[in-house]
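Below, chains carry the letters A, B, ... as their sequence lines are ordered, and counting in each starts from 1.
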There are 2 protein chains.
Amino acid sequence: MNDDMMLNEKAVAGGRSGWKQDPAGVQNNILAVAMTEFAANGLSGARIDEIAAKTHTSKRMIYYYFGDKERLYGRVLEEAYRQVRTGEEALELDHLPPVEALKRLAEFTFDHHSRHPDFIRLVMIENIHHGVYLEQSELIGLLNVGAIQKLEAICQRGRADGLFREDVSPLELHWHISASSFFNVSNRATFSRIFGSTLYTVDGQRSLRDHLVEMVVGLALKPERAKGRARGAARP
Amino acid sequence: MNDDMMLNEKAVAGGRSGWKQDPAGVQNNILAVAMTEFAANGLSGARIDEIAAKTHTSKRMIYYYFGDKERLYGRVLEEAYRQVRTGEEALELDHLPPVEALKRLAEFTFDHHSRHPDFIRLVMIENIHHGVYLEQSELIGLLNVGAIQKLEAICQRGRADGLFREDVSPLELHWHISASSFFNVSNRATFSRIFGSTLYTVDGQRSLRDHLVEMVVGLALKPERAKGRARGAARP
DNA sequence: GACGCAATTAACTAACTGGTACAAAGTGTG
DNA sequence: CACACTTTGTACCAGTTAGTTAATTGCGTC
């Protein structure tokens, strides 16, 4: 599997006269368009003809390169995961003290999800399908192995410093951070239609994010270390 | 609008010989089947013929009672919201002190969402559609007015007692509770396929729920009142 | 400069799917 | 018991959609 397509911009290959051989570019172009369409309409809702029309190439090429609709969707899903995970790798936290690192990670996740609504939508769609296409991809499995490694490292340092609780796993912390960050994007439509959009203003979003960080840090820290936080009785 | 259908079990009306007139029953039967199908396959993924086949009546009747696919979906959505909201009304919290009430509410929401995966899936699907069908229903608007009233009452009492922070709104508390409770069901497929299912065992779920409650209570309480919890400096 | 092969296009098809026409059968009421 | 109305089953249609057939065009290379 050496298909290193990065969705670059040279995916033209559609100039009627004088086209260049650029299979990778064409495939990337198809993937990019398909990602938008699948994210917007779902697997069964997306139309191959519509995808083809928005591509610089033709429907025949979609089948030429990707076989059928489902495999195209699978490739789109992989590409989406790769893009998002790649964007996460930039984050460097090892130089920060554990609590700061955890804060940064939570903030980053919240913002990162917010910046990638199409990815969120694809994951929503994939969950509607019970994750069967995700399971078929071994690439995604590999990508996600590293997803909580940052958090595990932070927790390890935090525990070593005697700051973090032992009974809250990195996985669970990741779950809580993901839940809020994901829900913030996935349920924006229904939530704001029902309860108004105050939480989706700039101030509302900052508040949600700050409080998420606060809660996660509060959960990770030992009661006696949590700046006075104690769960049993107030005993400083 | 006096369509009080409760999805009862007397929706048979299919006995070849000697049928009874039971329009409400037939409609409920259609709605129940359609809810399952839409929740399973989405709006465009669900098949009218498939719904009809699983009904005790025929496709003709679906169109007779509901007009077309989209209106059927809209009615299903309304029915789902009604069922869930009705189930919430049973919860009685006024007799509990604010902190206890908040705990109970969070726990209940977590469990309640967990018990209604089809509702969650319908909301997911509705979010894929940007909530346009939800917007068309004035019934759902009415139903949801009361959704955070319980929480508002709790917060009012909590503030009156000098326990709750002023800068955390009931709406935001509701958002945090909903986020985790919703995500827990909506993303179970992808999350467990990527990270394993430890968090979806009985113990894992209890842990998630307990920590959610802990975080929400911690967020709601004033720093100095939060059993020693302080954000600025540890000053009990 | 021509030949093999990758890349491309457009028209076509077979199946599916939402929706309908129409007639038959049952219900209840006077 | 007959008449008006409701309810249901069968067969059908027209538009859509995933997927294909087969011929064409351009590229690189010897």
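Note on B:R47: every side-chain N or O is 4.0 Å or more away from OP1 and OP2 of C:dC16. OP1 or OP2 of D:dT10 has not a single side-chain nitrogen or oxygen of B:S58 nearer than 4.0 Å. Regarding contacts with the backbone of C:dT8, a side-chain N or O of A:Y65 is found under 4.0 angstrom from either OP1 or OP2. In this model, the phosphate group of D:dA18 is not approached by any side-chain N or O of A:Y63 to a distance below 4.0 Å at OP1 or OP2.
The NE2 atom of A:H56 sits 12 Å away from the P atom of C:dT9 (whole-angstrom rounding). Distance B:N29 CG to D:dT7 P: 15 Å, rounded to the nearest Å. In this structure, the CD1 atom of A:I30 is 12 Å from the P atom of C:dA7, given to the nearest Å. Rounded to a whole Å, the CG atom of A:D68 is 14 Å from the C1' atom of D:dT17. One atom, CD1 of B:I62, and another, P of C:dG18, lie 10 Å apart when rounded to the nearest Å. Spacing between atom CD of B:E50 and atom P of C:dC16 amounts to 13 Å, rounded to whole angstrom units. Whole-Å rounding puts the A:D49 CG to D:dT20 P distance at 14 Å. Spacing between atom CD of B:E70 and atom C1' of C:dG19 amounts to 13 Å, rounded to whole angstrom units.
Checking D:dT17, C:dT8, D:dT8 against the side-chain heavy atoms of B:M61 singles out D:dT8 as nearest.
Using a 4.5 Å heavy-atom threshold, the side chains of B:Q136 and B:Y133 count as touching. Using a 4.5 Å heavy-atom cutoff, the side chains of A:L31 and A:M35 are not in contact.
Side-chain contact, A:S44 with B:S44: a donor N or O sits under 3.5 Å from an acceptor N or O. Side-chain polar atoms of A:Y73 and A:E126 form a donor-acceptor pair below 3.5 angstrom.
Counting any heavy atom pair closer than 4.0 Å across all strands shown, B:R60 reaches a base atom. Residue contacts shown for A:A46 are limited to sugar-phosphate atoms, with no base heavy atom under 4.0 Å away.
Judged by atom type and distance alone, B:K59 reaches the base of C:dG19 through a side-chain donor-acceptor pair under 3.5 Å.
Residues B:W175 and A:F183 bring their aromatic ring centres within 6.0 Å.
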